[in-house]
Amino acid sequence: MNPLELAGAGPGPAFEVTFDGRRIEALPGRTVAAVLWAAGVTSWRTTRGGGRPRGVFCGIGVCFDCLVTVNDRPDQRACLVPARPGDMIRSQEGTGRAD
């Protein structure tokens, strides 16, 4: 028998977030990066200098390659931020600020 079945473990019901206006289904307990990857999105930031695409690199919050804007807050590390129902996630260009 599957150990997860024995423990009664499993994700809760799915919920929706949006990414650049696109609705995406998310499962509880996943980070923003995991939700985006599961939806086939692998890049959500561009570099300040050359505008090169970036997504997850280290996956543990050390490198800052996965910065994204969540609910109008720029510079959120997608690999660390848990996805929550109704989150509005946007790609981030450069610093993500309108300065």
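Counting begins at 1 with the first residue of the sequence.
- Here the side chains of Trp37 and Thr31 are not in contact, with every heavy-atom distance at 4.5 Å or above.
- Asn71 contributes a side-chain N or O that, together with a main-chain N or O of Met88, makes up a donor-acceptor pair within less than 3.5 Å.
- How far CZ of Arg52 is from OG of Ser43: 12.0 Å, rounded to the nearest 0.5 Å.
- Between the side chains of Thr46 and Glu93, no donor-acceptor pair is found at a separation under 3.5 Å.
- In this structure, Leu36 CG and Cys79 SG are separated by 11.5 Å, a value rounded to the nearest 0.5 Å.
- Side-chain atoms of Ile89 and Gln76, non-hydrogen and from C-beta on, never get closer than 4.5 Å to each other.
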Atom pairs and distances, side-chain donor-acceptor, residues 12-21, under 3.5 Å, sequence neighbours left out:
| from | atom 1 | to | atom 2 | distance (Å) |
| --- | --- | --- | --- | --- |
| Asp20 | OD1 | Ser91 | N | 2.8 |
| Asp20 | OD2 | Ser91 | OG | 2.5 |

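- Side chains of Val70 and Arg73 form no contact here, defined as non-hydrogen atoms less than 4.5 Å apart.
- Under a 3.5 Å cut-off, the side chain of Trp44 and the backbone N or O of Gln92 do not form any donor-acceptor pair.
- In this structure, Arg54 contributes its side chain and Arg45 its backbone to no donor-acceptor pair below 3.5 Å.
- Distance alone, capped at 3.5 Å, places no donor-acceptor pair between the Thr69 side chain and the Asp72 backbone.
- Cluster note: Leu80 groups with no other residue, as no ILVMFWY side-chain heavy atom lies under 4.5 Å from it.
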